[in-house]
Amino acid sequence: MCMTILITGASRGIGAELAIQLAREPHRLLLVARNEKNLTAVCEKCNTIAGKKTAIPLIRDLNGILNDPSEFERMIGDHTDTLDVLVNNAGMIIKKPFEELKREETRQIFDTNYFIPEQLINICLPMLKASASASIINVTTMGAVQGSKKFHGMSAYSASKGALATLTECLAEEFKPLGIRVNALAFGAVQTEMFAEAFPGYTASTNPEEMGRFFKWFVLEGWKRFNGKMLQVTESTP
């Protein structure tokens with residue numbers, strides 16, 4: 001079955017690799033990022049793999065939807081009125097000791113990692129309701145898992161992803177009557193650009209291609225076995 005899947009943060013890292021893996025089926029992909037050059041390249045690669053136009057670039061700085069979601073609603077509506085999967089993958093890290101974090105930096109982190117996914121779920125909810133088997137997948141982090149090892153300078157990032165994890169649990173209950181499943185994946189160390197920026201000099205044991213294959217399985221099949229769960233996807237923590 002061909003699915004319509006929206007992925008944020010699709011211009012690099014795990015989001016890009018997920019899109020590339022899904023293009024092998026192929027599925028209909030709405031890929032969102034603000035980096036036009038990178039996102040266009042990812043879409044071109046997906047379309048080459050699929051042998052047809054399967055990936056559509058939605059070039060957008062998602063911060064804009066917090067004040068005015070209407071333009072992004074129209075942008076999605078130009079391409080579909082039904083959405084099978086929403087993947088909230090976009091994320092942001094500012095690595096600083098707690099005492100050095102400025103209030104505006106913390107707000108920026110929470111906007112990207114919590115408030116934007118929350119708004120996207122609101123925007124996409126009518127389209128998800130129109131699907132016979134809808135799923136929302138939120139990307140969190142091992143730093144958001146209670147009792148897991150925490151890392152210096154990552155307080156705001158971990159806290160914002162923890163808020164997203166709790167939202168996942170709450171919406172899974174609220175959306176049960178709608179038949180929409182909501183889960184979160186807490187990724188550990190994956191050798192992406194964002195990981196390298198946060199942990200310079202450290203080499204993760206997992207690369208984006210490996211995680212992309214797992215992510216593809218979860219997007220297409222794994223979600224059917226879970227609801228309201230934050231699944232820890234890691235071999236180790238750095």
Side-chain angles (χ1 to χ4, degrees), residues 1-36 38-60 62 72-91 116-117 120-121 123-139 168 171-172 175 178-185 187 190 192 207-227 229 231 233:
M1 181 184 73
C2 180
M3 302 171 71
T4 300
I5 302 167
L6 189 151
I7 305 169
T8 67
S11 64
R12 65 176 192 167
I14 296 172
E17 190 57 45
L18 171 61
I20 291 164
Q21 295 292 335
L22 288 168
R24 302 181 193 282
E25 297 291 328
H27 294 278
R28 194 156 181 254
L29 307 175
L30 303 179
L31 305 183
V32 185
R34 61 185 176 185
N35 188 314
E36 181 174 0
N38 287 1
L39 187 62
T40 300
V42 171
C43 286
E44 288 176 352
K45 185 170 184 177
C46 289
N47 294 336
T48 298
I49 290 169
K52 63 179 182 178
K53 187 175 182 180
T54 190
I56 299 168
L58 302 181
I59 301 160
R60 177 77 177 177
L62 288 175
F72 191 70
E73 287 182 69
R74 289 192 296 270
M75 185 181 290
I76 301 174
D78 287 342
H79 301 288
T80 187
D81 55 8
T82 303
L83 194 62
D84 298 300
V85 186
L86 168 62
V87 180
N88 280 312
N89 170 71
I116 286 174
L120 276 172
I121 293 168
I123 291 171
C124 294
L125 192 55
M127 301 173 205
L128 291 162
K129 287 179 180 179
S131 169
S133 55
S135 170
I136 299 168
I137 302 169
N138 297 319
V139 173
T168 297
L171 295 186
F175 293 171
L178 304 175
I180 300 172
R181 296 201 178 200
V182 191
N183 291 290
L185 296 178
F187 290 127
V190 182
T192 63
N207 63 49
E209 183 178 357
E210 291 169 330
M211 195 59 78
R213 288 195 295 269
F214 170 83
F215 208 167
K216 171 188 172 181
W217 169 80
F218 193 85
V219 166
L220 299 182
E221 295 293 335
W223 66 273
K224 298 174 185 177
R225 298 165 175 83
F226 303 96
N227 193 33
K229 306 301 183 211
L231 305 175
V233 188

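This chain uses plain numbering: 1 for the first residue, then up along the sequence.
When all heavy atoms are compared, the tightest approach of L31 to C46 is CD1-SG, 4.5 Å. Contact detail for H79 and L30: the closest heavy-atom pair is CB-CD2, 4.0 Å. N38 and S11 get closest at one heavy-atom pair: CB-O, 3.5 Å. When all heavy atoms are compared, the tightest approach of P26 to A23 is CB-O, 3.2 Å. Annotation for L83 and A134: closest pair O-CB, 4.3 Å, computed over non-hydrogen atoms. Closest of all the heavy-atom pairs between I59 and E36 is CD1-CG, 3.4 Å.
Applying the salt bridge (Lys or Arg N to Asp or Glu O under 4.0 Å) rule to R181 yields no partners; only residues at least two apart in sequence or on another chain are considered. By the side chain to side chain donor-acceptor pair (under 3.5 Å) test, R28 is found to be paired with no residue, residues two or more places apart in sequence or in another chain being considered. Residues forming a side-chain contact (heavy atoms from CB on, under 4.5 Å) with A90 (at least two apart in sequence, or on another chain): T8. A184 is linked by a side-chain contact (heavy atoms from CB on, under 4.5 Å) to N138, T140, T168, M230, counting only residues two or more places apart in sequence or in another chain. Evaluation of the side-chain contact (heavy atoms from CB on, under 4.5 Å) rule for E73 yields P69, I123 as partners, not counting sequence neighbours. Residues meeting the side-chain contact (heavy atoms from CB on, under 4.5 Å) test with V85, sequence neighbours left out: M3, I5, V87, I137, V219. For K216, the salt bridge (Lys or Arg N to Asp or Glu O under 4.0 Å) partners are E25, not counting sequence neighbours.
Contact check for T82 versus T4: no side-chain heavy atoms found under the 4.5 Å cut-off. Side-chain contact check for L58 versus L39: every heavy-atom pair is 4.5 Å or farther apart. With contacts defined as side-chain heavy-atom distances shorter than 4.5 Å, the pair I7/L22 qualifies. Contact check for I136 versus L171: no side-chain heavy atoms found under the 4.5 Å cut-off. Two residues are said to be in side-chain contact when any heavy atoms from C-beta on lie closer than 4.5 Å; N183 and L231 fail this criterion.
Taking CG of N88 as the start and CD1 of I116 as the end, the distance is 9.5 Å to the nearest 0.5 Å. Separation of atoms CG (L6) and OG1 (T80) is listed at 9.5 Å; rounding is to 0.5 Å. The line from CZ of F175 to CG of L128 is 8.0 Å long, rounded to the nearest 0.5 Å. Rounding to the nearest 0.5 Å gives a distance of 12.0 Å between CG of L125 and CG of L120. Atom CG in L86 sits 5.0 Å away from atom SG in C124 (nearest 0.5 Å). To the nearest 0.5 Å, the span separating CZ on R34 from CG on L62 amounts to 9.0 Å.
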TODO: Could you give me the CA-CA distance, side-chain angles and deciding distance for I14 and V139, then say whether side-chain contact (heavy atoms from CB on, under 4.5 Å) is met?
DONE: CA-CA 10 Å; I14 296 172; V139 173; over 6 Å; no
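Applying the side chain to side chain donor-acceptor pair (under 3.5 Å) test to residues at least two apart or on different chains, the pairs with a partner in residues 217-227 are E221-K224. Among residues at least two apart or in separate chains, there is no salt bridge (charged side-chain N to carboxylate O under 4.0 Å, His left out) pair with a member in residues 77-91. For residues 45-54, there are no side chain to side chain donor-acceptor pair (under 3.5 Å) pairs, not counting sequence neighbours.
For CZ of R60, the number of neighbouring non-hydrogen atoms (other residues, nucleotides, ligands) closer than 6.0 Å is greater than 12.
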